[in-house]
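Taking it in order: structure first as structure tokens, then the write-up.
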Amino acid sequence: MIHRQCDTSRRLCYGVKYTQRVIIVHRHCPEEMTEKGSKLPQFLAAAAASLSAIAAGAAAGWTSPILPQLEKDGGPLGSPISKEQSSWIGSLMPLGALIGSLAAGYLGERWSPKRTLLFSTVPCLIGWILVATAGHIAQLYVARIMTGFAVAMIFTSLPMYCGEIAETSVRGALGSFLQLFVTIGFLYICAIGPFVSYMVLWILSAILPVIFFVCFVMMPESPYFLLKQGHRDKAIASLARLRSKSEAAVQKEADEIQVTLDEAFKNQVSFSDLFKVKANFKALTYTCGLVTFQQLSGITVVLTYLHNIFIAAGGLVPSETAPIVIAVVQMLASAVTPVVVDTSGRKILLVFSSVGETLSLSALGLYFYLKEVQHADDVVKQISWLPLVAVIIFIATYCVGWGSVTWAMMGEMFASNVKAKASSITVFICWSISFILTKFSSNLEEAFNGKFVTFWLFGGFCILSIFFTVLLLPETKGKTFQQIQDELGGVTSIMNVENGTNRKG
């Protein structure tokens with residue numbers, strides 16, 4: 001079937017030919033005046049959206065400086081909390097995220113990723129208000145569930161938004177903003193948490209979602225969502241803003257997006273199509289595998305109980321200072337990924353990340369084995385620097401690969417007609433594992449009389465993640481959404497013909 005359209009007013013002419021196994025795109029526009037444009041508006045829009053991730057990072061990291069305070073004197077609760085209560089406070093945010101991930105998928109499909117991100121400020125602020133007025137442990141439990149609900153909406157919608165506003169050449173960089181901005185929020189909370197009162201920390205945390213809302217509300221809507229809704233004029237205006245070009249100059253890109261959407265929405269999609277359609281099922285399998293190995297690295301457990309880990313380690317660096325050092329390393333390492341992900345590729349960063357995590361977790365487990373089982377006090381004293389160094393290496397290598405690349409790939413693997421549903425399932429899996437690990441890691445430590453088993457177990461999963469990445473995971477660097485879908489669906493050849501030249505897909 002040949003579909004051909006010409007618009008002489010815009011000097012635009014293109015044709016698209018579909019066959020069963022080959023897609024050929026022809027464009028012949030010799031008279032079209034090209035505009036250079038700019039990628040800066042895309043980075044600004046993604047950065048404004050990612051301010052929500054700063055709020056999420058602060059909410060996730062709040063337990064690190066606060067739990068030791070609550071265990072010591074109870075803070076506003078009046079009496080110290082138990083280790084069991086502490087584990088519930090740490091793990092209920094992931095539990096709330098389970099609910100939020102399902103809601104985010106529905107809202108992202110109905111409202112758009114942008115509106116869903118804006119709405120996340122509501123449960124986030126409710127959670128912080130409950131934290132501020134808490135007089136009973138049960139209220140803190142509810143507060144953590146509400147903040148978890150908001151965090152899941154952010155983790156589901158932000159990769160979708162960044163993926164849909166970005167050009168192919170910068171999609172990996174914008175997709176990795178989530179991890180970078182989460183680490184900024186974590187640094188923010190670790191840097192001020194140990195040195196201010198409970199109420200001051202609440203105020204400084206609650207202001208973050210407000211700042212995000214104010215900065216993001218005026219940013220462009222996703223052109224993909226606008227075209228899905230039939231608002232072509234608005235979609236072209238959005239593309240023009242994002243590309244810093246005239247509306248005439250983005251017509252071709254709008255047409256290409258429309259072709260992709262038409263192909264994706266040929267058939268009405270049900271929930272079961274996520275499992276029946278080959279491309280959808282493979283994408284879902286890969287992204288669920290990514291978030292599973294991300295969480296099985298132990299990152300959530302390490303960050304949630306960071307202060308307590310350094311208290312238990314008893315190293316040379318004070319427990320109040322060590323998390324700040326870790327948070328700085330986390331932020332700097334996360335800043336590397338947006339720079340290199342679109343040149344080095346996704347898979348090599350993941351393998352590098354897995355190797356670094358394995359080595360650092362093995363070293364951390366060895367330290368606690370010598371301290372808690374062998375009681376080798378002289379040796380432990382000589383290597384008192386090891387916990388800090390091991391955690392620094394763990395955090396740095398995690399952020400470069402599994403922390404950033406996972407969310408970037410989630411934002412680019414799914415077709416537009418299933419992206420909201422599939423992303424919500426992926427985030428649901430992520431937070432389910434996070435909840436289980438965060439809640440029961442302390443039980444595992446008690447069962448084996450030490451932390452060493454936990455760290456070695458996480459290290460073992462990091463080794464498995466190398467095999468998953470090398471043997472199963474496809475590379476998405478430099479590929480358009482359509483090319484990714486074609487490969488997942490088994491299309492063996494894709495050829496683009498631009499201005500009369502052939503290019504292999």
Side-chain angles (χ1 to χ4, degrees), residues 34-57 112-118 120 154-185 187-188 208-209 211-226 235-247 249-250 253-254 256-257 330-346 349 399-400 403-412 419 476-481:
T34 59
E35 293 184 23
K36 186 176 180 180
S38 172
K39 295 180 175 65
L40 180 60
Q42 298 168 58
F43 279 87
L44 292 177
S50 298
L51 292 176
S52 62
I54 295 182
S112 82
K114 177 185 175 180
R115 293 177 183 174
T116 305
L117 279 172
L118 291 171
S120 70
I154 293 167
F155 272 65
T156 303
S157 302
L158 182 56
M160 291 171 57
Y161 179 79
C162 291
E164 291 181 358
I165 67 170
E167 297 176 53
T168 302
S169 60
V170 296
R171 194 178 62 234
L174 300 192
S176 60
F177 270 20
L178 187 152
Q179 174 64 21
L180 172 60
F181 281 73
V182 164
T183 62
I184 294 173
L187 172 60
Y188 175 84
L208 294 176
I211 294 173
F212 152 70
F213 188 95
V214 172
C215 292
F216 184 56
V217 69
M218 298 303 293
M219 290 296 149
E221 181 58 271
S222 160
Y224 276 79
F225 178 80
L226 292 171
I236 290 173
S238 176
L239 275 174
R241 284 185 63 189
L242 290 166
R243 306 297 185 256
S244 194
K245 296 179 180 180
S246 66
E247 293 190 2
V250 298
E253 184 176 0
E256 292 164 358
I257 293 173
Q330 189 180 19
M331 183 186 69
L332 294 177
S334 297
V336 171
T337 309
V339 178
V340 302
V341 68
D342 286 311
T343 54
S344 65
R346 281 57 159 164
L349 292 179
C399 290
V400 168
S404 302
V405 175
T406 297
W407 303 114
M409 294 189 75
M410 189 187 83
E412 63 188 2
K419 185 172 290 187
T476 58
K477 183 192 79 168
K479 297 174 183 176
T480 65
F481 283 134

Distance from Y224 atom OH to K419 atom NZ, nearest 0.5 Å? 7.0 Å
Determine yes or no for a side-chain-to-main-chain donor-acceptor pair under 3.5 angstrom, with E247 supplying the side chain and A240 the backbone. no
Would you say that R243 contacts S38 through its side chain, given a criterion of any heavy-atom pair below 4.5 Å between the two side chains? no
Side chain to side chain contact (heavy atoms under 4.5 Å, CB included) partners of V214, counting only residues at least two apart: none
Step by step, would you call M160 with M410 a side-chain contact (heavy atoms from CB on, under 4.5 Å)? CA-CA 8 Å; M160 291 171 57; M410 189 187 83; 5.5 Å; no
Could you tell me whether the side chain of L174 reaches within less than 4.5 Å of the side chain of Q42, counting heavy atoms only? yes
I need the S157 OG to L118 CG distance, nearest 0.5 Å. 10.0 Å
Are the side chain of K114 and the backbone of M219 linked by a donor-acceptor contact shorter than 3.5 Å? yes
Could you walk me through whether F213 and L51 pass the side-chain contact (heavy atoms from CB on, under 4.5 Å) test, one step at a time? CA-CA 9 Å; F213 188 95; L51 292 176; over 6 Å; no
Between S404 and V400 (side chain of the first, backbone of the second, donor and acceptor by atom type, cut-off under 3.5 Å), is there such a pair? no
Applying side-chain contact (heavy atoms from CB on, under 4.5 Å) to R115 and S112, what does each step give before you reach the verdict? CA-CA 6 Å; R115 293 177 183 174; S112 82; 3.6 Å; yes
So which pairs with a foot in residues 171-184 pass side chain to side chain donor-acceptor pair (under 3.5 Å), sequence neighbours left out? R171-E412
Going through the distances and angles, do T168 and K479 end up as a side-chain contact (heavy atoms from CB on, under 4.5 Å)? CA-CA 7 Å; T168 302; K479 297 174 183 176; 5.9 Å; no
Of all heavy-atom pairs between I184 and I54, which one has the smallest distance, and what is that distance? CG2-CD1, 3.9 Å
Can you tell if the side chain of I257 reaches within under 4.5 Å of the side chain of L239, non-hydrogen atoms only? yes
Would you say that P41 contacts R241 through its side chain, given a criterion of any heavy-atom pair below 4.5 Å between the two side chains? no
Check T156 against P159 and note the closest heavy-atom contact, atom names and distance. O-CD, 3.7 Å
So do the side chains of Y188 and L208 get within less than 4.5 Å of each other, counting heavy atoms only? yes
Minimum-distance pair of heavy atoms, taken over all atoms of P220 and L242: CG-CD2, 3.8 Å
Okay, side chain of S50, backbone of A53: is any donor-acceptor separation there less than 3.5 Å? no
I need the minimum non-hydrogen distance between I154 and S52, along with the two atoms involved. CD1-O, 3.3 Å
Show me the pairs that pass salt bridge (charged side-chain N to carboxylate O under 4.0 Å, His left out) and involve residues 213-225, at least two apart or across chains. none
Measuring centre to centre across the rings, with the benzene-like ring taken for any Trp, is Y161 within less than 6.0 Å of F216? yes
K39, NZ: over 12 other non-hydrogen atoms inside 6.0 angstrom: no
Side chains of L40 and S244: closer than 4.5 Å at any heavy-atom pair? no
Between L158 and F181, is any pair of side-chain heavy atoms under 4.5 Å apart? no
